[in-house]
Amino acid sequence: MTTEPQTATAPNPEDIPSRFDFESAEKEIYANWQSGGWFHAEPDSSQKPYTIVIPPPNVTGALHLGHALNNTLQDVMIRLKRMQGFNALWMPGTDHAGIATQARVEKRIKDQEGKSRHDLGREELVKRIFQWKEQYEARIIGQLKQMGCSCDWDRTRFTLDEVCARAVRHTFFDLFRKSFIYRGKRLVNWDTYLGTTVSDDEVENKTVKGNFWHFMYPVIDPQPGEPPHVIVATTRPETMLGDTAVAVHPDPAAALSKVESELNVKLKKAAASEIEGIEQQIEALKTRRTEMLPALEQLREMANDGRMLMLPLMDRPIPIVTDIWAKPELGSGCVKITPAHDPNDYEVGKRCSLPMINIMNADGTLNAESGEYQSLTMKQARKAVVGDLEALGLVKEIEDREIEMPVSDRSGTPIEPYLTDQWFVKMDTLAQSAMDAVESGRVKITPARYSKGYLSWLGEKRDWPISRQLWWGHQIPVWSIPCPTQADCDATREKVSGLSAFSADIASVEIETSSEPDPEKRKQLGLPDFTLHVCVQDESTELEQQLESIGLVREEDVLDTWFSSALWPHSTLGWPEKTSELDYFYPTSALITSRDIITLWVARMVIMGLNNLGDIPFDSVFIHPKILDGNGETMSKSKGNGIDPLDVIDKFGADALRFGMADLTTETQDVRLPVSYECPNEKCQHQIPHTTKNRVLPSLACPKCKETFSTQWAESEADLAFPRGPVTCERFEVARNFTNKLWNASRFAMLNLEGYSPAPIDEAHLTVEDRWILSRLVTVASTVTEALENYRFASATRTLYDFAWDNFCSFFVEILKDRFADPELRPHAQRMLVFAMDQLLRLLHPVMPFITEAIWQQLNRFAPQRGLESVADATECLIGASWPALDARWSNADIETQFARFQSGLGSLREIRARQNLSPKKEVKFSIRCDQAYADSLSPMASYFKSMAAAELTSMGPDVVPPETNATVASDGIEMFVDLEGLIDKAAEIKRLEKEQKKLEGNIMGKEKKLSNEKFVSSAPAEIVERERVSLGKLKDQLASVITALKKYQ
RNA sequence: GGGCGCUUAGCUCAGUUGGCUAGAGCAUCUCGUUUACACCGAGAGGGUCGGGGGUUCGAGUCCCUCAGCGCCCA
C-alpha cells in the first residue's frame, strides 16, 4: 500500500552544505532516537531477544579510547541485530570500582582539605564518594550518548544500587550456606597508606636502588668446630624482628650441581656476548663448592640436630631448618625466614610449621611483637635495626644492589606483605563448572586462543579472596562473635538459632575453628578457640539489632568489586526476583570486552551465572584488541595517555570515531594508535605528537607558533582560558573523509532527484552498471553480515569503505551523471540511485549511525517511496529499518566480469593520458581490437569512456586496424590503440612500453619455469595448472603486442 | 620460568583453508579546481613479507630455530 508520491523540489547546491555538520545533527538525531523509544526493549515473546550487557565502566573517571572501542563494537552489534529484527537490549550501567574509586577520592580530599578518611569517618567518606560517582557517572553516560550508543537508558544500573545490592546479598548468603565462603589467614599485599589489601593486579613492581645487608646471627652454644655465627642477607632488615627461623638447603651439594649443569646447558646455546658472563658464573660456583659447601653441609647437620640460633635484638631462640627455598648458590647460602612478612617465607613457614609473627600494625607501624621498636614505622625501624646491629658488631657487610620493590598502583606506597584474616570463596566446584561451560562450547570465546588462558587460570582453582579493607563497596553481610570455649560456642549458637530468621531460612551460621592449633599459644595471644559467624540474606534492621544484642559484630570489610560485577548479567535483569526480563533476556547473547579481564570478570560471571541460575550468562564472548598509544603502551588513567573520545568527536564527529574504531578491530591483540595534538591556532595547525611528557600536561605551547593551548587535562581557570588543542589521529581523518564522501554522494543525489517517481524497476531497462551495482550489493551485504556476525569488524568496514567509495561513488554515480542528462533515461536512473543509496545506508548504519540517519531523512524527503521489485514507504527512521536482504539472484559473476572490462579499459586510457601528459579537456580517439564477444560485452558502456576519460571509442572488433601513431595497451587478450596523431610524446611512450615489456618478460619467465616443471604439472590440481597456462598465453600475447609497438618507435 | 601475541612499503595495518603479478589508507612525486565532494579527482614511485633452516610441484601463509618487541601468569 503506497500513498501518492510527494517529491520535494530539488534544492540549489548552496542549500546543502558540502560538509556534514555533524555537531548539530548528532544531538538532534540522538534525541529523536531516544524520544522514539528505539533504545528501549521489553520482553516480547513474538520476537527473538538479542542482549548485551555493557562492561560497566568504572566511575573512577572519564572514558578513554579503549572504552570508545569497546562500546562502539557493542553498539554496532546491537544496531545490526535490531535491524535484523531481533528485540535488541543493550543493558547499560556503571561499576563502583571499589579501591580505584575510593583511592582517587581519598587522594583528592587529602590534596584539597588535608583530611584522611579517618578524619571524615565511614559515613561521610561514602557520601563524598557517592557525590563523585554521580558526577562521573553523568559524564560517562554523556560520553556514551555522544558516541551514539543505543543503550536502554531506562534500565541503567550501578553495581552498588539497591537491585544489585540485593543480588549480592543473596549470592553471598547462598555461597555461605553452601560453606563455599570461609575466613582464613592469608599473606596479602598490604597498602599501608590506604590501609587495605590490594590485589596482585593492582601491584606494580619497580626496580629501585637498595642495599643487601649481611647480618650475623649467633649460634647458641656452638660445639667445637661449629661456627659462632650464621650469616644471612636481606634487602629488608626491619623484618628480622619477625624472623622465626634460618633456613639452609637440605642437600646443598646436589643443588649446586643442578645449577651448574643448567649453566652448562645455557652456555652451549649462548650467544657470543653472553659466554664470558656464564663462564664466570660457573667458575664462581666451583669456587663456592670448594670453599663453602662444607660449611653449608655442616649447617644442614646442625639443622637436623635441632640446633638453635639467637635472634639478635629480640633475644629469641630460633631454629635452623632445612628447606629448598635456601639457595646455596646465593649469598651465604642461608636465608632468614619471616613467615608473616614475605610470601616465600610464608610458604617455608607452612612447610616447616614455623610460628608466624606479625610485627606490623595496619597503618604500617610496628606492633608489640617488635619489642622496643614498637610504634616506629617500617622505614624508621630499618634505620634503628641496622644501627643497633652495627653497634653489636653483627653487621658483616652492606652491598649496593638494585632490588625489585612492589608498589601499590593506587597510592604509590611500597607494599608490605601482611598476614591478616580474609574472607574467601572456595573455588574447586565453582571453577570446574565454568571450565566445563567453555570446554563444552556452551560459551564460545572469540578469538579462540583466549580460551586457553581462561581454562588454565580456572584450572588452578585458587580460592578467591573477596574481602577488602575499604568503605566503598558492599559491606560483607556477616556478623561474628569470638567464642573462647566450646561451651560458649554452643550457648551462642543456641541463642542465635532461636531467632525467627533461622526458622525462615534467611540467616545461616558457621563456626570457624581458630587457625592457631596450639591451645597454650591461643591462651597466650588471647585468641578464642572458635568464632561464630552469622550471615544474613536480606537487609533487616530488626535482625541486625537482635544479633548485635547477643554480642555479634558486623564485619567491617567490603567485598571485592568483582564480586558484584560477577553478577552483572543477571543482577541487572532483576535477579533474585523472577522478573519477566530475566526470563526473556537471560542468557544474554554476547559479551564484548578486552582481554585483561577474562579471568577477573568473564570467568567469574560464568561461575556466578551457573551458580545462581544454573545457566551460562552469555553464549558468546568477543575479546577485542587493546589500544596502545604511539609508543606501544596501553592507555590507562594512571599513565595519563588515555584520550577522551569527546576530543575525537569534537574534531571528526562520532561516526568517524566509530568507523575508525571498528576499522582497527582486527584479530590482533593490540593495535597502535599514534596520536598528536593539533595546534588550535588557525594559521598554524601544527601537529605535535604525543610524548610521555606532553600527554599529561593541562596546557602546552605549540613549538611552531609558540601559542599556548589547553588539553583534556585542563582544570584550572588559567588553563581553560587557552583554546583547546584537539587530539588528532590519521585513522580518524580517513574515517572523517569517508563520512564526507558519503555526504557528498547523497548531496549529489538530492541535487538530481527532482521529479523522482517511484516505480518497480523494469528488468528490461537495467543497464550493465545497474546489474553490476546490484550484484555488488548482494556480495557486499552478505560479506558484511557474515563479518559482523563473526566479530570481524575491520573486514566489514573495509568492505563497506571500498564498496561505497570505489564502486558506488567512483563508478556508479559517475556513470549516472550521463544518464541523468538524458530525459528518457533519467527516471529509471533516479530509481536505481535511490535504491542503491537506500541499501548502502542500511549497511553502513550500525557503524556510522548519525550520518546515515541524517541522509536517510533527506532521502525520505525526495524519495519517500522506493524499492527494486516493489515500491514501499521507507521507514521513518533508519534505526528501525530492516537489514538489507537483496535476492541472491542479483548476484551475477558474468556482469561483474563485463564491468571489470570497462574498468580495466578506463584504467588503461587514463594511464596513457597521464603518461602522455594530455590535458583533461583534450579529447582522444581510440579503438579496440578484440573478438566479437568482447566487443558485444563492452559496447553498452562505450559511451562512458567519453565522460570518464575524455576518450571516444571509434571502432571495436576483430578487424580493427591501428592508427598510424598510437599508444598500444594489450591486456586480457585484447589490444587497445589510442590515437595520438600530433600528440605523441614518443619518449614517454617508449618508456612506458619498455617498463611493460620488462614486467611481462619477468612474469612469463616465472610461469614458463613453473609450467616446464613436470612435478608441478603432475602434482598441482588441474585447474591451477590450466589457470597458469591461460595466464601465460595472455601474457605472451601482450608481450608480442608491446614489442610490435616498440618497434615502431625505435 | 610458563603461556599468548607481534615482526609485511617511510608510518599504521590487511592478507580466511598454502595457488593468478603481495594489497589498503596516510605520507611522497606528477597532473588537475570539469556544476556531489580539494575532507576531491587522475596517475606514478616505493616491499629479497625480521634472520636462518625444513616440508611441498608451490610458503607472507605450515613446521623447526635464532633475534627483537609487547602483554598475561608465576
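Chain identifiers are assigned alphabetically (A, B, ...) following the order of the sequence lines, protein sequences preceding nucleic acid strands; residue numbering begins at 1 within each chain.
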Practice task
Would you check if A:E769 and A:M832 make a side-chain contact, meaning some heavy-atom pair closer than 4.5 Å?
Solution key: no
Protein N or O to nucleotides 57-63 of chain B N or O, pairs below 3.5 Å:
| residue | atom | partner | partner atom | Å |
| --- | --- | --- | --- | --- |
| B:C57 | O4' | A:K1015 | O | 3.4 |
| B:C57 | O2' | A:N1013 | ND2 | 3.0 |

Problem - Spacing of A:M661 atom CE relative to B:C13 atom P, expressed in whole Å - result: 13 Å
Practice task
Pick base, sugar-phosphate or nothing for A:V1025, based on heavy-atom distances below 4.0 Å to the nucleic acid.
Solution key: nothing
Problem - Contacts of type side chain to side chain contact (heavy atoms under 4.5 Å, CB included), residue A:A735, not counting sequence neighbours - result: A:A656, A:F659
Handout entry: Shortest non-hydrogen contact from A:L65 toward A:I627
Key = O-CD1, 3.6 Å
Exercise for the section: Under 4.0 Å between any heavy atoms, over every strand shown, what does A:R736 touch: base, sugar-phosphate, or nothing? Just pick one. Expected result: base
Practice task
For the side chain of A:R731, starting at C-beta, report the closest nucleotide among B:A44, B:U34, B:U12.
Solution key: B:U12
Handout entry: A:V813 side chain, from C-beta outward: closest of B:C39, B:A36, B:C20
Key = B:A36
Problem - Presence of salt bridge, A:E994 and A:K991, under 4.0 angstrom - result: no
Problem - Side-chain touch A:L980/A:Q916, heavy atoms, less than 4.5 angstrom - result: yes
Exercise for the section: Using a heavy-atom cut-off of under 4.0 Å over every strand shown, decide if A:R19 touches base, sugar-phosphate, or nothing. Expected result: base
Problem - Of the listed nucleotides B:G43, B:A36, B:C13, the one nearest the side chain of A:R910 - result: B:G43
Practice task
Report yes if a side-chain nitrogen or oxygen of A:K999 is closer than 4.0 Å to either non-bridging phosphate oxygen (OP1 or OP2) of B:U21; otherwise report no.
Solution key: no
Pairs of donor and acceptor atoms involving the side chains of residues 798-809 of chain A, under 3.5 Å and at least two apart or interchain, shall be tabulated with distances.
| residue | atom | partner | partner atom | Å |
| --- | --- | --- | --- | --- |
| A:R798 | NE | A:D663 | OD1 | 3.1 |
| A:R798 | NH2 | A:D663 | O | 2.9 |
| A:T799 | OG1 | A:S795 | O | 2.7 |
| A:N807 | OD1 | A:R776 | NE | 2.7 |
| A:N807 | OD1 | A:R776 | NH2 | 3.4 |

Handout entry: Test item: A:L73 and A:F622 side chains (from C-beta on) under 4.5 Å apart, heavy atoms
Key = yes
Exercise for the section: Quote, to the nearest angstrom, the P distance that separates B:U61 from B:U65. Expected result: 16 Å
Practice task
Round to a whole Å and report the spacing from CD of A:E814 to C1' of B:A42.
Solution key: 11 Å
Practice task
At under 4.0 Å between heavy atoms, which parts of nucleotides 25-30 of chain B does protein reach? Answer with one letter per nucleotide, 5' to 3': B base, S sugar-phosphate only, - none.
Solution key: BS----
Practice task
Determine which pairs satisfy salt bridge (charged side-chain N to carboxylate O under 4.0 Å, His left out) with at least one residue from residues 913-924 of chain A, sequence neighbours left out, and list them in order.
Solution key: A:E911-A:R915
Problem - Separation between the C1' atoms of B:C11 and B:G54, rounded to whole Å - result: 34 Å
Exercise for the section: Give one of base, sugar-phosphate or nothing for A:S1031, where a contact means two heavy atoms less than 4.0 Å apart. Expected result: nothing
List the atom pairs, donor and acceptor, that lie under 3.5 Å between side-chain atoms in residues 17-24 of chain A and the rest of the protein, sequence neighbours left out.
| residue | atom | partner | partner atom | Å |
| --- | --- | --- | --- | --- |
| A:D21 | OD2 | A:S24 | OG | 2.9 |

Exercise for the section: Name the nucleic acid region contacted by A:K995, choosing base, sugar-phosphate or nothing; use a 4.0 angstrom heavy-atom cut-off, strictly under. Expected result: sugar-phosphate
Problem - Test item: A:I974 and A:R901 side chains (from C-beta on) under 4.5 Å apart, heavy atoms - result: no
Exercise for the section: Could you measure between the two C1' atoms, the one in B:A9 and the one in B:G50, and give it in whole Å? Expected result: 15 Å
Exercise for the section: Determine the contact category for A:R595: base if any of its heavy atoms lies under 4.0 Å from a base atom, sugar-phosphate if only primed atoms, P, OP1 or OP2 are that close, otherwise nothing. Expected result: sugar-phosphate
Exercise for the section: With C1' as the reference atom in both, quote the distance from B:A24 to B:G47 in angstrom, rounded to an integer. Expected result: 14 Å
Handout entry: Phosphate-side-chain proximity, A:R798 and B:A24, N/O vs OP1/OP2 below 4.0 Å
Key = no
Practice task
Return the value, rounded to whole Å, for the distance between atom CD1 of A:I597 and atom C1' of B:C71.
Solution key: 15 Å
Practice task
Starting from P on B:U21, measure out to CD on A:E1001 and report it in whole angstrom.
Solution key: 16 Å
Practice task
Consider only side-chain N and O atoms of A:D655 and A:T739, and report whether a donor and an acceptor are under 3.5 Å apart.
Solution key: no
Exercise for the section: Would you mind reporting whether A:E733 and A:F652 have side-chain heavy atoms less than 4.5 Å apart? Expected result: yes
Exercise for the section: Using a heavy-atom cut-off of under 4.0 Å over every strand shown, decide if A:C809 touches base, sugar-phosphate, or nothing. Expected result: base
Exercise for the section: Not counting sequence neighbours, which residues clear side chain to side chain contact (heavy atoms under 4.5 Å, CB included) with A:E786? List them please. Expected result: A:N790, A:R792
Exercise for the section: Using whole Å, report how far CG of A:L673 lies from C1' of B:C11. Expected result: 13 Å
Problem - Sequence-aligned protein contact record of nucleotides 3-9 of chain B, with B where the base is within under 4.0 Å of a protein heavy atom and S where only the sugar-phosphate is - result: SBB----
Problem - side chain to side chain contact (heavy atoms under 4.5 Å, CB included) involving A:K452 - partner list, sequence neighbours excluded - result: none
Problem - Set of residues satisfying side chain to side chain contact (heavy atoms under 4.5 Å, CB included) with respect to A:P343, sequence neighbours excluded - result: A:L187, A:P417
Handout entry: Separation between the P atoms of B:C63 and B:G10, rounded to whole Å
Key = 28 Å
Handout entry: Candidate nucleotides B:A36, B:U34, B:G19, ranked by approach to the side chain of A:I1024 - the nearest
Key = B:G19
Practice task
Check salt bridge (Lys or Arg N to Asp or Glu O under 4.0 Å) between A:K998 and all other residues, then give those that pass, not counting sequence neighbours.
Solution key: none
Fill in the blank from the handout: Read 5' to 3' with Watson-Crick or G-U pairs under 3.5 Å, [ ] for crossing pairs and | for partners on another strand, RNA chain B gives (((((((..((((.....[...)))).(((((.......))))).....(((((..]....)))))))))))).
Problem - side-chain N/O A:W805 vs B:C39 OP1/OP2, d < 4.0 Å - result: no
